[in-house]
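We count residues from 1, following the sequence as given. As a basis for the values below, the full set of heavy atoms in this structure was taken, side chains included, without hydrogen atoms, waters or symmetry mates.
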Amino acid sequence: MINALFSAREALWPVYRPILESAFADQGLEVALTNKTDRPETMDYLIYAPAREDDDLSIYPNLKLIQSLWAGPDKLMRNKTLTKPMARMVDPGMTQGMVDYVFGHIMRHHLDVNRFSNAKPGEWLLDWGPSLPADRTVAVLGIGALGMACAQAAHDYGFKVLGWSRTQKDGAPFTCYAGQDGLKTVLEQADIVVTLLPNTPATENLIDGETLSIMKDGAALINPGRGQLIDDDALLAALNSGKIIGATLDVFRIEPLPADHPYWHHPNVLVTPHVASETRPSTACIVVADNMARVERGETALHLIDPDLKY
Ligand code: NDP
């Protein structure tokens with residue numbers, strides 16, 4: 001019998017419990033699943049979306065795997081008591097939700113929606129020459145589980161897509177780049193830049209005065225990655241000068257974004273409240289059970305977070 005602890009907000013337990021139990025049965029796993037234990041040393045797995053950041057994970061010395069229910073590793077990696085392998089969530093349902101969000105907002109910028117939604121009554125803006133997707137370049141920074149799916153959707157629709165990641169990607173149906181030179185190449189061509197990178201020491205403030213200055217005049221930015229990717233003062237300056245024509249921002253250094261933050265008040269910024277996508281229990285529980293089954297068979301778990309890279 002495998003012991004697994006579901007450690008997340010209380011309200012999620014009745015939602016996840018039956019779906020997890022069914023997914024374990026489908027994998028042929030016999031799991032004693034609980035959301036409370038007074039014998040943490042007996043736990044083999046933690047299914048984890050912590051209600052608090054300062055959990056003492058050292059009380060679970062025998063864990064084979066911590067399976068996060070989150071895609072973003074940043075909060076989890078701050079826990080100093082984390083010594084066991086942790087897998088981030090790669091959930092087909094979450095991926096589909098992110099594609100919906102990113103593609104929807106690519107289309108919003110492609111169709112220049114700000115121009116019309118900011119128009120004064122009676123302002124009949126006929127001087128609009130709409131580009132076709134093949135004439136627009138979409139750059140996706142972060143060609144991971146989510147970025148790759150979003151880039152693929154934009155490519156399939158007909159946009160010119162450029163991808164950028166830490167390591168070179170081969171085999172994508174669009175051109176991919178890596179490294180600092182690659183970033184410059186991608187940014188100077190892009191009409192719409194999507195940031196789907198994790199928050200790590202290496203990605204903090206990636207979008208700053210310098211990278212913004214490389215971008216095309218009138219480029220748009222969509223950030224469902226993390227707030228820390230952006231130097232907010234630099235982005236606001238670029239928005240105010242018109243260098244950046246519009247931004248769709250889902251994630252922020254401080255959440256909820258304070259009501260007096262200039263992003264709320266900027267006519268060319270759309271703030272969404274960290275809702276780009278979320279873990280969907282119906283698909284995520286299959287991923288959890290599959291990963292646990294892999295470990296039980298002696299295989300390496302999928303999507304392990306690298307403690308050095310922090311993602
Ligand atoms: P992945 O780990 O699958 O992908 C991360 C990508 O970023 C990889 O392509 C990786 O490169 C690249 N990357 C990481 N560091 C660097 C770097 N220093 N320079 C260049 N590229 C880098 O993550 P996901 O796609 O699953 O998720 C991405 C992020 O999306 C999450 O970390 C989270 O912050 C955010 N998110 C936001 C949500 C929301 O609702 N707003 C919901 C879910 C996730 P390589 O491929 O070479 O490793």
Side-chain angles (χ1 to χ4, degrees), residues 68 70-78 86-91 94-95 97-99 101-103 105-106 109 137-155 161-169 172 174-190 192-212 214-215 219-232 234-235 238 244 247-255 263 272 274-279 303-311:
S68 170
W70 294 340
D74 44 352
K75 278 190 187 165
L76 304 168
M77 296 312 287
R78 285 201 283 267
M86 180 183 284
R88 69 200 166 77
M89 176 50 64
V90 176
D91 162 26
M94 180 195 290
T95 301
M98 187 60 82
V99 171
Y101 181 93
V102 168
F103 187 71
H105 290 288
I106 287 173
H109 290 295
T137 299
V138 174
V140 182
L141 310 187
I143 294 290
L146 300 174
M148 181 62 93
C150 295
Q152 181 77 52
H155 166 82
V161 172
L162 302 173
W164 181 74
S165 50
R166 188 179 56 83
T167 56
Q168 181 63 43
K169 300 277 174 287
F174 44 85
T175 311
C176 288
Y177 296 84
Q180 285 310 304
D181 289 350
L183 180 61
K184 184 168 180 292
T185 305
V186 166
L187 289 181
E188 56 195 16
Q189 295 180 63
I192 300 171
V193 176
V194 180
T195 43
L196 261 169
L197 296 152
N199 168 30
T200 71
T203 62
E204 178 148 19
N205 286 326
L206 185 87
I207 303 299
D208 62 4
E210 195 183 331
T211 42
L212 285 161
I214 299 170
M215 289 187 203
L221 179 71
I222 302 171
N223 181 27
R226 279 293 179 266
Q228 287 83 351
L229 301 176
I230 292 179
D231 174 338
D232 294 319
L235 177 58
I244 296 297
T248 301
L249 306 175
D250 186 55
V251 282
F252 305 91
R253 284 166 193 270
I254 300 173
E255 295 180 3
Y263 283 149
T272 58
H274 201 145
V275 291
S277 193
E278 62 179 9
T279 305
H303 312 305
L304 288 174
I305 299 170
D306 182 320
D308 295 325
L309 294 172
K310 310 264 184 242
Y311 77 95

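Atom CG of D181 has 12 or fewer heavy atoms from other residues, nucleotides or ligands within 6.0 Å. Counting non-hydrogen atoms of neighbouring residues, nucleotides and ligands closer than 6.0 angstrom, the CD atom of E210 reaches no more than 12 such neighbours.
Of the charged side-chain nitrogens involved, none lies within less than 4.0 Å of a carboxylate oxygen, so that R226 and E255 do not count as a salt-bridged pair.
When each of T175, V193, V186, V140 is paired with W164, the side chain to side chain contact (heavy atoms under 4.5 Å, CB included) condition holds for V186 and for no other.
A donor-acceptor pair under 3.5 Å is absent between the side-chain atoms of W70 and the main chain of E278, judged by distance alone.
Residues L249 and L235 meet the side-chain proximity criterion, which asks for heavy atoms closer than 4.5 Å. Considering only heavy atoms from C-beta on, L196 comes within 4.5 Å of M98 through its side chain.
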Evaluate side chain to side chain donor-acceptor pair (under 3.5 Å) for Y311 paired with T203, printing each intermediate quantity in order.
-> CA-CA 11 Å; Y311 77 95; T203 62; over 6 Å; no
Decide side chain to side chain contact (heavy atoms under 4.5 Å, CB included) for T200 and L309; before the verdict, give the C-alpha distance in whole Å, the side-chain angles of both, and the deciding distance to 0.1 Å.
-> CA-CA 7 Å; T200 71; L309 294 172; over 6 Å; no
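Closest heavy-atom contact between Y177 and L162: CE1-CD2, 4.1 Å. Across every non-hydrogen atom of T195 and P224, the tightest pair is O-CD, 3.2 Å. Shown here for K169 and I143, the closest heavy-atom pair between the two residues is CE-O, 3.4 Å.
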